[in-house]
Amino acid sequence: MLVSYVRATELLFSLAWGTKQSSSDWLLAPESGLTKLLSDARRSLSLFQHHDAITGTAKDHVVEDYAKKLLEAINGMQHVMQQTAHFLLSPPQVPYQPNSEFVYFDMDNMRKQHYSIPEKAVVFFGEGFESQRVVLYNSLTWRREELVTLRVSTRNVKVTDAAGISVPSQTSPVFQEFSDVIAESHYDITFMADVPSLGLTTYLLHAVLPAKNIDNAMSHVKLLNFVGSAPRIEGFEYIEVVDEAKEFSIHNDHLSAAFSEQGLLKAVTLKDTGVTVPLHLDFARYHARQGQERSGAYLFLPDREAETVKWDSSPVRIVEGPLFSQVHMHLPGVQHTVTLVNTQGTDSLGLEVQNVVDISDQVNCELVMRISSNIKNGDDFYTDLNGLQIIRRKRFFKLPLQANYYPLPTMAFIQDQAFRFTVVTAQPLGVGSLKEGQIEVMQDRRLNQDDNRGLGQGVTDNKPFPATFRLILEQRQPSCQGTASDHPAGLPTVAAHVASLSLLHPLFHLLWLGKTQDKLESRFAPMTREPGSDIHVVMLHTLTSQSGNAAGLVVHRQEMDPCFPLEQFSLSNGLLNVSNLLPTQFGNTMKEATLS
């Protein structure tokens with residue numbers, strides 16, 4: 001999370017002083033405190049690269065200290081981001097009056113404590129607040145059309161863009177955590193946002209009368225295997241309740257996903273070709289083996305293969321509407337949600353899976369999510385190294401199970417001559433492909449003893465945490481079928497690449513705290529032409545010195561697998577015109593430099 005915040009805030013901060021050079025001295029002045037917040041956040045992030053921090057092999061009180069520093073850094077970045085956004089959207093005709101302490105926007109993603117799951121801020125409507133303004137920030141170099149979900153205090157909300165044109169939306173009830181009880185006065189409104197590359201754009205939410213004919217659909221809610229009377233809430237008078245478990249499916253324009261009676265994924269059908277591929281998702285547990293050496297913070301020593309988690313069936317919640325469909329269920333240790341989005345954006349590529357994992361009541365448990373398919377990948381599978389390149393791995397049967405586990409920084413895939421199945425992750429975890437056609441991802445580990453490697457304690461400080469993934473199934477181009485890739489390691493597909501970047505660098509939601517009438521520009525769009533979705537701005541960093549200020553730009557180009565093209569995402573030809581990327585910022589000279 002902090003990597004994403006530091007990068008996005010650095011970028012916006014550099015664009016702000018580069019765009020409005022005549023009035024931006026205050027941004028870089030020490031008394032504003034903004035450059036100090038930026039450098040403090042970078043230092044906290046660097047500190048966390050320590051070999052006992054990022055690995056989780058530190059004592060509990062040290063882990064807690066790291067976590068507090070990371071949260072402080074995130075809060076600092078949220079402050080700089082909202083200050084910078086306000087400066088960029090301030091009307092050019094009025095001299096800007098900086099107030100670097102002031103909070104103009106609430107960030108939608110608030111954490112009360114260092115161990116809290118982020119919570120949505122509620123957008124309230126009432127007298128004098130009939131409309132509310134939200135600014136969205138896209139830190140990637142391509143225009144994003146994605147769904148945005150905000151929590152609101154009333155169900156009758158109309159969404160418009162800054163010009164007042166209505167935007168289609170979908171309203172859903174909010175369920176309390178770990179239950180099928182509906183929250184009374186909160187609703188989630190989801191709408192299709194269109195945000196320029198490296199830019200800001202504004203949407204308005206208006207409270208309207210119930211009878212008003214607005215472009216807003218109420219989600220249809222269905223509870224399967226639910227015993228008791230249906231939960232009721234205004235606007236969702238009809239919640240369908242079925243007291244038995246049964247199979248079902250959800251759809252969008254690209255694919256259809258079938259689910260078992262228990263509410264777990266079992267197959268995906270690609271609508272373009274009508275081909276169905278079994279994708280069985282389940283959860284499994286490893287137990288620590290007995291003996292002198294036992295699993296701990298350093299050692300993964302399972303007693304045998306993982307055993308599937310079994311439970312007495314629980315209710316399955318299905319929410320459906322024109323913009324997205326969602327399946328939610330809980331099993332021991334996991335709240336599991338699968339979302340299928342119906343748009344043309346990156347969020348519609350495959351299925352999004354979110355697991356809120358909490359194994360704090362378990363003893364010596366290592367929990368994995370497994371997806372099994374009929375893909376004939378032999379003993380080859382692929383993982384990325386550091387998010388920049390892919391490497392081919394081989395499963396060795398002679399080695400113990402734990403020797404076939406690898407880091408999963410951002411993605412892993414298996415493939416045969418017809419299909420490729422990719423798991424894209426929003427957070428680094430461990431991955432293995434222990435059988436043909438299978439990928440398993442470690443979710444969390446709780447180990448009750450020290451493993452004699454110097455830590456002096458077990459791993460027992462587990463907290464509930466949300467892990468997010470995108471599951472992408474793709475069919476090879478007919479011209480490529482039956483041919484092996486000539487790349488010695490492996491290349492991501494366009495879909496996996498853009499899905500990965502959109503997960504790692506989500507849209508930021510800034511909720512305006514002033515009156516809607518306050519004068520603000522409705523958008524900031526610095527780029528004249530997009531460079532192509534294979535070109536990623538890794539960093540745009542402000543460099544200050546006695547001789548003057550400059551910006552350091554780091555760019556990465558990702559090579560893609562040509563057998564899986566995607567029409568809506570254009571690629572570059574390898575040339576980057578920096579004048580298109582930054583047309584008016586930072587003068588017109590540049591030179592190659594070292595990273596330091």
Side-chain angles (χ1 to χ4, degrees), residues 81-82 85-86 88-92 104-109 120-139 142-174 185-219 234-236 319 321-324 341-348 506-526:
M81 188 183 284
Q82 61 91 24
H86 181 257
L88 277 169
L89 296 177
S90 60
Y104 300 98
F105 295 93
D106 237 348
M107 297 297 287
D108 191 21
N109 200 319
K120 286 192 163 304
V122 179
V123 180
F124 282 103
F125 295 91
E127 209 170 313
F129 290 97
E130 289 81 10
S131 294
Q132 294 281 22
R133 176 185 293 167
V134 55
V135 172
L136 303 175
Y137 166 38
N138 168 19
S139 68
W142 70 81
R143 171 184 163 203
R144 285 164 82 172
E145 295 176 87
E146 286 178 26
L147 292 188
V148 166
T149 299
L150 300 171
R151 191 146 291 174
V152 290
S153 62
T154 170
R155 72 188 173 94
N156 299 304
V157 174
K158 174 183 176 182
V159 182
T160 66
D161 63 13
I165 296 165
S166 179
V167 176
S169 59
Q170 179 178 333
T171 301
S172 311
V174 175
S185 53
H186 295 163
Y187 300 84
D188 277 347
I189 186 156
T190 303
F191 62 94
M192 178 74 185
D194 184 348
V195 195
S197 39
L198 303 186
L200 303 162
T201 195
T202 303
Y203 284 89
L204 299 169
L205 308 181
H206 313 269
V208 292
L209 295 170
K212 275 271 176 89
N213 185 12
I214 54 173
D215 202 356
N216 179 25
M218 291 288 168
S219 295
E234 191 189 348
F236 297 92
V319 176
L323 295 181
F324 73 91
V341 167
N342 205 10
T343 68
Q344 294 303 312
T346 49
D347 49 2
S348 69
L507 291 173
F508 293 93
H509 311 163
L510 294 92
L511 311 174
W512 178 242
L513 294 172
K515 290 270 197 284
T516 327
Q517 305 82 283
D518 294 348
K519 287 276 179 284
L520 273 190
E521 299 284 298
S522 66
R523 67 189 259 131
F524 166 69

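Note that this is a predicted model, so its numbers are computed, not measured. Sequential numbering from 1 along the given sequence is applied to the chain's residues.
If you check the side chains of Q170 and S219, you find a donor sitting under 3.5 Å from an acceptor. Between the side chains of T346 and E146, at least one donor-acceptor pair of N or O atoms lies under 3.5 Å. A side-chain donor-acceptor contact under 3.5 Å links N216 and S169.
Atom CG of L204 sits about 12.0 Å away from atom CD1 of I165, to the nearest 0.5 Å. The CG atom of N156 sits 5.5 Å away from atom CE of M218, with the distance rounded to the nearest 0.5 Å. Distance check, rounded to the nearest 0.5 Å: CZ of F105 to CG of L513 gives 8.5 Å. R155 contributes atom CZ, which lies 16.0 Å from atom NE2 of H186 (distance to the nearest 0.5 angstrom). In this structure, H509 NE2 and Y137 OH are separated by 13.5 Å, a value rounded to the nearest 0.5 Å. If you take NZ on K120 and CG on L150, they are separated by 6.0 Å, rounding to the nearest 0.5 Å.
Side-chain contact between F129 and V123 is absent, with no heavy atoms from C-beta onward closer than 4.5 Å. Counting heavy atoms from C-beta on, the side chains of V159 and L205 come closer than 4.5 Å. No side-chain heavy atom of V135 sits less than 4.5 Å from a side-chain heavy atom of W512. Contact annotation: the side chain of S90 never approaches that of E521 to less than 4.5 Å [non-hydrogen atoms, C-beta and beyond]. Within the 4.5 Å cutoff, the side chain of L136 has heavy atoms near those of the V148 side chain. You'll find the side chain of P526 reaches within 4.5 Å of the side chain of L198, heavy atoms only.
P168 and L323 get closest at one heavy-atom pair: O-CD1, 3.9 Å. Shortest non-hydrogen contact noted between H206 and S131 is ND1-OG, 2.8 Å. Across every non-hydrogen atom of M192 and T343, the tightest pair is SD-CG2, 3.5 Å. Nearest heavy atom pair, residue V167 against residue D161, reads CG2-N, 3.8 Å. Across all non-hydrogen atoms, the minimal contact from D188 to R151 is OD1-NE, 2.8 Å. Taking every heavy atom of both residues into account, S139 and F508 meet most closely at OG-CE1, 4.5 Å.
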Check your understanding: Given T160 and F191, is the side-chain contact (heavy atoms from CB on, under 4.5 Å) satisfied, shown in steps?
Key -> CA-CA 10 Å; T160 66; F191 62 94; over 6 Å; no
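Between the side chain of S153 and the main chain of F125, a donor-acceptor pair closer than 3.5 Å is present. Between the D347 side chain and the L147 main chain, a donor and an acceptor come within less than 3.5 Å of each other. A donor-acceptor contact shorter than 3.5 Å is absent between the side chain of N138 and the backbone of G199. Using modelled atom types, no side-chain atom of R523 and backbone atom of P196 make a donor-acceptor pair closer than 3.5 Å.
The aromatic rings of Y104 and H86 lie parallel to each other, their planes meeting at an angle below 30°, with 60° marking the opposite boundary.
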